[in-house]
**Q** 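The structure's right below; bear with me while I get my questions together.
Computed from heavy atoms alone, side chains included, the values below leave out hydrogens, waters and symmetry copies.
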Amino acid sequence: KYYHFLKKKKNIIKFIIFKNLNELYLKLKKINGRIILLDTYIFSQKIEKNLRKKFKKVIIINDYQFNIPKDFYCLDTFKFNLKNFHKKNYFGTQYLPRVFNQNLLKRKKRMSNLILIILNKRFQNFYIKINKIISNRKSFISNKKLVVNLTNKRIIKRFNYEDNWSFLKFLDQEKLLHIAKNSAIVISPGGQTMMNLVENNNFINVYQTSKNQDYYIKTLKKKNYINKINFKNFLLKQNKNSRYINNFKNNKLLEIF
């Protein structure tokens with residue numbers, strides 16, 4: 001999203017993908033630039049020195065998985081408060097790249113009755129919990145159900161193809177967003193999937209899979225952008241246009257470049 005946004009604004013920009021820090025180090029050796037935006041969960045002193053030599057400004061997205069050097073900048077578009085986690089930071093939705101298609105944000109007047117269930121590839125057992133509850137609720141019997149990212153072979157063998165249930169092992173991001181925007185109910189894990197759906201103005205039902213999702217889920221729930229699923233007191237809320245992103249607001253992202 002950042003790459004396409006900056007490219008549209010006619011910046012000279014290069015996009016690098018790396019699997020590990022060694023690969024990043026080798027690729028950085030061949031590049032010189034003024035600013036770098038780095039999205040990573042891992043870091044090292046070797047990379048830090050390299051970045052400082054190569055670039056005048058270093059901006060890092062990392063969800064606080066490591067301490068960012070004080071002279072580097074931190075970017076977190078999901079931070080709603082002004083608490084200073086770092087001396088130099090860009091927090092809030094005003095720093096999201098505006099590359100949204102208007103048609104993607106608009107919903108049909110009459111939405112489908114689809115329940116979209118998105119699974120975390122590591123935590124497949126959440127499907128069993130969700131399936132058990134939904135299958136026993138009369139209010140959901142007539143709904144079509146689509147399960148995405150179901151990869152566990154044991155669960156697939158037991159999968160019930162009757163009662164309007166279907167599944168896909170994989171669905172690319174754009175297609176997933178198109179299905180989500182017109183789904184009556186969306187169930188999603190926390191983390192990046194949740195963020196992508198919320199950024200596209202979906203109101204979703206979220207189940208938490210790890211502790212590091214706690215801040216984002218609590219904050220979005222408090223702001224009424226999501227419904228956090230409680231499996232003991234199971235309640236699903238309808239999808240709607242949450243207006244998390246307002247296309248007509250000024251965008252501040254260009255200012256930092």
Side-chain angles (χ1 to χ4, degrees), residues 1-8 11-79 85-91 95-97 99 118-126 148-153 168-177 188-199 206-217 253 256-257:
K1 287 181 183 177
Y2 290 98
Y3 172 74
H4 288 297
F5 174 78
L6 293 168
K7 198 173 182 181
K8 278 186 176 181
N11 288 271
I12 299 169
I13 182 165
K14 186 156 182 77
F15 185 53
I16 304 170
I17 297 173
F18 58 96
K19 293 179 181 177
N20 51 56
L21 290 179
N22 186 53
E23 188 177 345
L24 174 62
Y25 180 77
L26 293 173
K27 287 186 175 183
L28 287 176
K29 268 188 164 185
K30 300 174 184 178
I31 294 170
N32 284 307
R34 189 168 59 89
I35 299 169
I36 185 169
L37 173 60
L38 186 65
D39 186 3
T40 181
Y41 291 106
I42 49 178
F43 206 59
S44 69
Q45 286 188 339
K46 189 178 178 181
I47 293 295
E48 181 183 336
K49 288 177 183 177
N50 196 312
L51 291 172
R52 201 171 271 113
K53 284 179 185 177
K54 291 271 185 177
F55 301 93
K56 290 182 179 179
K57 189 173 190 178
V58 179
I59 306 165
I60 297 180
I61 307 171
N62 85 320
D63 296 339
Y64 302 100
Q65 301 294 318
F66 56 84
N67 290 324
I68 297 173
K70 288 184 178 179
D71 56 331
F72 290 174
Y73 289 73
C74 178
L75 172 64
D76 190 333
T77 56
F78 263 72
K79 287 285 183 274
F85 292 91
H86 191 264
K87 285 187 177 179
K88 298 177 181 179
N89 44 49
Y90 304 111
F91 290 158
Y95 294 108
L96 273 167
V99 291
I118 305 163
L119 296 183
N120 181 296
K121 288 181 181 179
R122 288 177 58 210
F123 299 97
Q124 296 277 290
N125 283 337
F126 276 99
V148 178
N149 292 336
L150 182 55
T151 57
N152 185 297
K153 291 179 181 178
L168 291 170
K169 287 185 178 180
F170 173 78
L171 196 60
D172 69 56
Q173 197 64 36
E174 191 174 347
K175 286 182 181 176
L176 182 68
L177 290 173
S188 167
Q192 191 58 50
T193 303
M194 172 189 74
M195 293 177 182
N196 287 343
L197 289 164
V198 171
E199 284 177 10
V206 176
Y207 58 92
Q208 188 169 341
T209 57
S210 61
K211 286 184 179 179
N212 66 354
Q213 296 171 0
D214 194 53
Y215 172 83
Y216 298 99
I217 289 174
L253 184 61
I256 69 177
F257 290 93

**Q** Atom CZ in Phe18, atom CG in Leu28: separation rounded to 0.5 Å?
**A** 8.5 Å
**Q** Flag the pair Tyr207 / Leu119 as yes when at least one side-chain heavy-atom distance between them is below 4.5 Å, and no otherwise.
**A**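 They are in contact (side-chain heavy atoms under 4.5 Å apart), so the answer is yes.
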**Q** Which atoms form the tightest heavy-atom contact between Lys29 and Lys54, and what is the distance?
**A** O-NZ, 2.9 Å
**Q** Report the residues that fulfil side-chain contact (heavy atoms from CB on, under 4.5 Å) with Gln173, sequence neighbours left out, ordered by chain and then residue number.
**A**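 Result, side-chain contact (heavy atoms from CB on, under 4.5 Å) vs Gln173: Leu176, Leu177, Asn196.
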**Q** Run the side-chain contact (heavy atoms from CB on, under 4.5 Å) test against Asp172 and tell me which residues pass, sequence neighbours left out.
**A**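 With neighbours one apart ignored, the set is Phe170, Glu174, Lys175.
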**Q** Which atoms form the tightest heavy-atom contact between Glu23 and Asn20, and what is the distance?
**A**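 Residues Glu23 and Asn20, closest heavy atoms: N-OD1, 2.8 Å.
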**Q** Would one find more than 12 heavy atoms of other residues, nucleotides or ligands at under 6.0 Å from atom CG of Leu26?
**A**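 It does: Leu26 CG has more than 12 such atoms within range.
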**Q** Tell me yes or no: between the side chains of Tyr216 and Asp76, is some donor less than 3.5 Å from an acceptor?
**A**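 A donor-acceptor contact under 3.5 Å links the two side chains.
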**Q** Once rounded to the nearest 0.5 Å, what's the spacing between atom CZ of Arg34 and atom CG of Asn32?
**A**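 Going from CZ on Arg34 over to CG on Asn32, the span is 13.5 Å.
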**Q** Quick one: closest heavy-atom pair of Met194 and Ile217, and the distance?
**A**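 The answer is SD-CG1, 3.8 Å.
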**Q** Quick check for you: to the nearest 0.5 Å, what is the distance between Met195 atom CE and Thr77 atom OG1?
**A**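 Answer rounded to 0.5 Å: 7.5 Å.
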**Q** Please find the pair of heavy atoms, one from Phe55 and one from Gly33, that lie closest to each other, and give the distance.
**A** CD2-O, 3.4 Å
**Q** Might you work through the side-chain contact (heavy atoms from CB on, under 4.5 Å) test for Thr209 and Arg122, ending with a clear yes or no?
**A** CA-CA 9 Å; Thr209 57; Arg122 288 177 58 210; over 6 Å; no
**Q** Using the rule side chain to side chain contact (heavy atoms under 4.5 Å, CB included), only one of Ile61, Ile59, Leu51 pairs with Leu38; which is it?
**A** Leu51
**Q** I would like to know whether Arg52 and Glu48 meet side-chain contact (heavy atoms from CB on, under 4.5 Å); could you show each step before the answer?
**A** CA-CA 6 Å; Arg52 201 171 271 113; Glu48 181 183 336; 3.1 Å; yes
**Q** Take Tyr25 and Ile47 through the test side-chain contact (heavy atoms from CB on, under 4.5 Å) and record every step on the way to the result.
**A** CA-CA 6 Å; Tyr25 180 77; Ile47 293 295; 3.8 Å; yes
**Q** Can you see which heavy atom on Asn149 is nearest to which on Gln124, and at what distance?
**A**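 Taking every non-hydrogen atom into account, O-NE2, 2.9 Å.
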**Q** State the OG1-CG distance between Thr151 and Leu168, to the nearest 0.5 angstrom.
**A** 12.5 Å
**Q** Write down the atom of Ile118, the atom of Thr193, and the distance for their closest heavy-atom approach.
**A** CG2-CG2, 3.9 Å
**Q** With respect to Lys57, which candidate in Asp71, Leu37, Ile256 satisfies the side chain to side chain contact (heavy atoms under 4.5 Å, CB included) definition?
**A** Ile256
**Q** Atom CG in Asn152, atom CG in Asn125: separation rounded to 0.5 Å?
**A** 7.0 Å
**Q** Parallel, tilted or perpendicular for Phe43 and Phe72, by the 30°/60° rule?
**A**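 Perpendicular: the ring planes of Phe43 and Phe72 meet at over 60°.
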**Q** Test side-chain contact (heavy atoms from CB on, under 4.5 Å) on Lys46 and Leu21; report intermediate values, then the result.
**A** CA-CA 9 Å; Lys46 189 178 178 181; Leu21 290 179; over 6 Å; no
**Q** So with a 6.0 Å cut-off around NZ of Lys169, is the heavy-atom count from everything else above 12?
**A** no
**Q** Under 4.5 Å between any side-chain heavy atoms of Cys74 and Phe91, yes or no?
**A**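 Yes, at least one pair of side-chain atoms sits under 4.5 Å.
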